[in-house]
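See below for the structure under consideration.
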Number of protein chains: 2
Amino acid sequence: MKLKDSNTEERIMEAAKAVFMKYGLYGARMQDIADTAKINKALLHYYFRNKEKLFDQVFDGALSRYFEQMEVIHDDSLPILERILIYVVQIIDFLSEYPQMSMFIIKEISINEKLFKEKVHKIKRNKNANILTILEKSRKFNEIPDIDPVLFLIHLHSLCSYPFLAAPIFKVITENSNIPFHDPSNLKLKQSVKDYVIYTLTKKSI
Amino acid sequence: MKLKDSNTEERIMEAAKAVFMKYGLYGARMQDIADTAKINKALLHYYFRNKEKLFDQVFDGALSRYFEQMEVIHDDSLPILERILIYVVQIIDFLSEYPQMSMFIIKEISINEKLFKEKVHKIKRNKNANILTILEKSRKFNEIPDIDPVLFLIHLHSLCSYPFLAAPIFKVITENSNIPFHDPSNLKLKQSVKDYVIYTLTKKSI
DNA sequence: TCATAGTTTAACCAAATGGTTAACGTTTGT
DNA sequence: ACAAACGTTAACCATTTGGTTAAACTATGA
């Protein structure tokens, strides 16, 4: 029986997440990960063989969690409008918890597009609860106005994701400035995006 | 008189832009820049002394161009609504021409926040035509409805920027898929964002 | 208790990296 | 034409980097 008195492997993963998310595959340093995890560098290779393997575990985990949150819409018993409003809150809460994740995934995909193609396609296969599929079906049944579902989805993700993506800029700009904006728990953001959804999915249908 | 028969310096700058924008300061390799520019690696140091100096030139140029486009609103003789609609087109056209620039600036600031603070503050000083200043003034004079100018601006930038930020994901997802979305010259995007602006700045005022 | 397997460490290695140098080539003003 | 300044190159250097190894340490089961 193995005893996990010292959770070295987990600490490496946590450190690897932090360092890879900040610096990316190329920019990250194994020594940096080891220092962050407070373990000997050789243990990185003992547990994860090499940098690519370690990165893959971090990236795969991030990718599946990301698409699970961004692509899957729940509560299929509710009307489409309610479902999307819940989806908005779901996304914002998720991005609020992992604010660096969008940036990480987008950046790494842009650097090594070919390598990640199959990974992305392997993951996004939950057709039943896919947000775009649901939107297109609702459109077909005239449950929502005659809008472009793809463009609507892009806007929705824009409104939810960009504030977290651009947070580093906002932080630098607003510090030492008197720009009046505070949004604890993202309440204003959520309400404002919800307003947009309601307007787009109801107003235009009249 | 100096003759610039071989424009080595320019070619280095172009190569440096490409490589730094893709990999960032940490991830970029001087040899990669030299290869891209098709010159000897030593010339990088001959013209730009070292990696940090070269990066600074690239980053400073990007930063000033970025804030010039994202922060400055023109045509001060027009009504505020028209000005913002032109501003939307200005931003989208700019991001369309330099799709990697947002990502580059955000990422580098997030990695080295402290170093870039003064740079950002040095640049954003064009108070007269600052978009937020204009919005707040229009709000004060009741030219626009009672909305939060900062939140409105965040939404505006979200709608304009995110499609280019997330382009690497879209590309991977839509390839080999039958997702129906094509937007040459970003016409749909522009119109849709304009619609949002018009709705927000007129509808709510009633 | 003791041998075995699993875990951790310091020392080490080869390759890659940012940077330098000295020699060579080219342009330019006189 | 020619020397000085400018531009370019290959070879080189010190450090950093990802990765390995052999020895040491620790827990476990018999």
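Residue numbering restarts at 1 for every chain, and letters A, B, ... go by the order of the sequence lines.
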Spacing of Tyr46(A) atom OH relative to dC25(D) atom C1', expressed in whole Å:
12 Å

Atom CG of Asp35(A) and atom P of dT9(C) are separated, to the nearest Å, by 12 Å

Do Tyr23(A) and Tyr26(B) have their ring centres less than 6.0 Å from each other?
yes

May I have the distance from Phe20(A) (atom CZ) to dG18(D) (atom P), rounded to whole angstrom?
9 Å

For this output row, return yes or no: ring centroids of Phe116(A) and Phe59(A) closer than 6.0 angstrom.
yes

Flag the pair Tyr199(B) / Tyr199(A) as yes when their ring centroid distance falls below 6.0 Å, and as no otherwise.
yes

Can you list the steps and then say if Glu108(B) with Asn112(B) is a side chain to side chain donor-acceptor pair (under 3.5 Å)?
CA-CA 6 Å; Glu108(B) 294 305 312; Asn112(B) 198 340; over 6 Å; no

Leu44(B) CG - dT9(D) P separation (whole Å):
11 Å

Taking only Lys NZ, Arg NE, NH1 and NH2, and the carboxylate oxygens of Asp or Glu, determine whether Lys140(A) and Glu136(A) approach each other closer than 4.0 Å.
no

Are any of Tyr47(A)'s side-chain N or O atoms less than 4.0 Å away from OP1 or OP2 of dT8(C)?
yes

Counting only side-chain nitrogens and oxygens, does His45(A) get under 4.0 Å of the OP1 or OP2 atom of dG19(D)?
yes

Within the structure shown, what part of the strands sits under 4.0 Å from Asn40(B) by heavy-atom distance: base, sugar-phosphate, or nothing?
base

Could you pick out which residue, Thr8(B) or Lys41(B), lies toward the 5' side of DNA chain D when each is mapped onto its nearest nucleotide?
Thr8(B)

In this structure, how many angstroms lie between the P atom of dT7(C) and the CD1 atom of Ile39(A), rounded?
14 Å

Closest nucleotide among dG19(C), dC6(D), dT8(C) to the Leu43(A) side chain
dT8(C)

Between Arg29(A) and Ala42(A), which residue's closest nucleotide on DNA chain D lies nearer the 5′ terminus?
Arg29(A)

Whole-Å distance separating the NZ atom of Lys51(A) from the P atom of dA15(C)
18 Å

Under 4.0 Å between any heavy atoms, over every strand shown, what does Ala28(B) touch: base, sugar-phosphate, or nothing? Just pick one.
sugar-phosphate

Tell me the interatomic distance from Gln31(A), atom CD, to dT16(D), atom P, rounded to whole angstroms.
11 Å

